[in-house]
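Heavy-atom basis, side chains included; hydrogens, waters and symmetry copies ignored.
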Amino acid sequence: MGDEKAVHEEGPALGPPVMVIQIPRLAKAVGPGWHAVLHRLHEQLVARWPDYRAVGVKEKFGGLRVQIDAGERAAREAASRFVRAAEAEAAVLCEFCAGSGRARPRGDAPAGWIKTVCADCHRAWSAREIMIANGAVRYSGRGPHSPAAPPGD
């Protein structure tokens, strides 16, 4: 199933179809370690509320944050239970590699940017060898965690 659907707005006269954005379209806002969690959440939501709308997907204070609209108040409350479970699952997964992780500041400084990371990715992220861009891990090219450049680069 795609991540966008054309639906008509409700009202006395049907207007032109509007695209409904769902979680897969917004998953690139976070690292690949959380993509499987988001995929499962999307499958759970679409099975019950096929036209749910994803309002936002992001990392904030080291955790996964998902905002959705499933329609009526009862549906929104029921859907929020699935969302909170997915956010709790991501809270112990490295955002880079999906390994066992925890929220840590960069370089274990007492303040600053926080990400949920495993020990290996924490070292590389703190050394600025890796980062997340457009839903993928990007390597700076400096340090032992950076893969060799492909031929022809």
Side-chain angles (χ1 to χ4, degrees), residues 1-7 19-71 74-153:
M1 178 172 276
D3 55 354
E4 294 179 356
K5 299 184 227 183
V7 297
M19 298 310 286
V20 175
I21 304 296
Q22 295 189 324
I23 288 172
R25 173 80 183 254
L26 303 178
K28 288 184 176 183
V30 298
W34 291 348
H35 289 176
V37 173
L38 289 171
H39 177 74
R40 280 191 301 279
L41 175 59
H42 169 70
E43 293 299 320
Q44 291 170 330
L45 294 173
V46 83
R48 289 161 183 83
W49 305 281
D51 294 328
Y52 86 89
R53 294 175 191 227
V55 178
V57 172
K58 64 184 175 182
E59 176 270 331
K60 185 172 184 177
F61 302 121
L64 175 64
R65 300 293 182 267
V66 179
Q67 297 90 32
I68 61 132
D69 181 3
R76 284 193 311 270
E77 289 174 1
S80 73
R81 288 192 284 277
F82 291 102
V83 170
R84 300 304 153 243
E87 290 173 344
E89 182 182 354
V92 295
L93 293 177
C94 177
E95 188 180 355
F96 289 94
C97 72
S100 180
R102 64 180 173 88
R104 308 174 200 223
R106 179 176 262 163
D108 280 334
W113 192 1
I114 298 172
K115 278 201 167 299
T116 299
V117 290
C118 67
D120 288 339
C121 291
H122 181 251
R123 280 190 289 280
W125 175 61
S126 292
R128 292 174 165 58
E129 296 170 9
I130 61 174
M131 63 182 278
I132 294 170
N134 202 24
V137 177
R138 302 285 186 232
Y139 299 87
S140 69
R142 29 176 235 217
H145 295 92
S146 297
D153 275 1

Does the distance from a Lys or Arg side-chain N to an Asp or Glu carboxylate O, for Glu89 and Arg40, drop under 4.0 Å?
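Looking at Arg40 together with Glu89, the answer is yes, because their closest N to O distance falls below 4.0 Å.
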Can Asp69 and Arg76 be said to form a side-chain contact (heavy atoms from CB on, under 4.5 Å), step by step?
CA-CA 6 Å; Asp69 181 3; Arg76 284 193 311 270; 3.7 Å; yes
Apply salt bridge (Lys or Arg N to Asp or Glu O under 4.0 Å) to Arg102 and list each qualifying residue two or more places apart in sequence or on a separate chain.
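By the salt bridge (Lys or Arg N to Asp or Glu O under 4.0 Å) rule, Arg102 matches no residue at all.
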Evaluate the side-chain proximity of [Y] to [X]: yes if any heavy-atom separation is below 4.5 Å, no if none is.
X: Leu93; Y: Thr116; answer: no
X: Ile23; Y: Tyr52; answer: yes
X: Ile21; Y: Arg53; answer: no
X: Leu38; Y: Pro24; answer: no
X: Trp49; Y: Ile68; answer: no
X: His35; Y: Val30; answer: yes

Minimum heavy-atom separation for [X] to [Y], with atom names?
X: Ala86; Y: Leu64; result: O-CD2, 4.2 Å
X: Val117; Y: Cys94; result: CA-SG, 3.7 Å
X: Pro32; Y: Val137; result: CG-CG2, 3.7 Å
X: Cys118; Y: Ser100; result: CB-O, 3.3 Å
X: Gly62; Y: Trp34; result: O-CH2, 3.6 Å
X: Arg104; Y: Ala119; result: NH2-N, 3.5 Å

Starting at CD of Gln22, measure out to CG of Asp51 and round the result to the nearest 0.5 Å.
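Between Gln22 CD and Asp51 CG, I get 7.0 Å after rounding to 0.5 Å.
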Rounded to the nearest 0.5 Å, how far apart are CG of Leu41 and CZ of Phe82?
9.0 Å
Would you say the side-chain atoms of Glu95 pair up with the backbone N or O of Gly31, donor to acceptor, closer than 3.5 Å?
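At least one qualifying donor-acceptor pair exists.
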Under 3.5 Å, is there a donor-acceptor pair between the side chain of His122 and the main chain of Ala103?
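Flag not set: sc His122 to bb Ala103 has no pair under 3.5 Å.
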May I have all residue pairs that pass salt bridge (charged side-chain N to carboxylate O under 4.0 Å, His left out) and include part of residues 56-67, sequence neighbours excluded?
Glu59-Lys115
Once the angle between the rings of Trp125 and Trp113 is folded into 0 to 90°, is it parallel (under 30°), tilted (30 to 60°) or perpendicular (over 60°)?
perpendicular
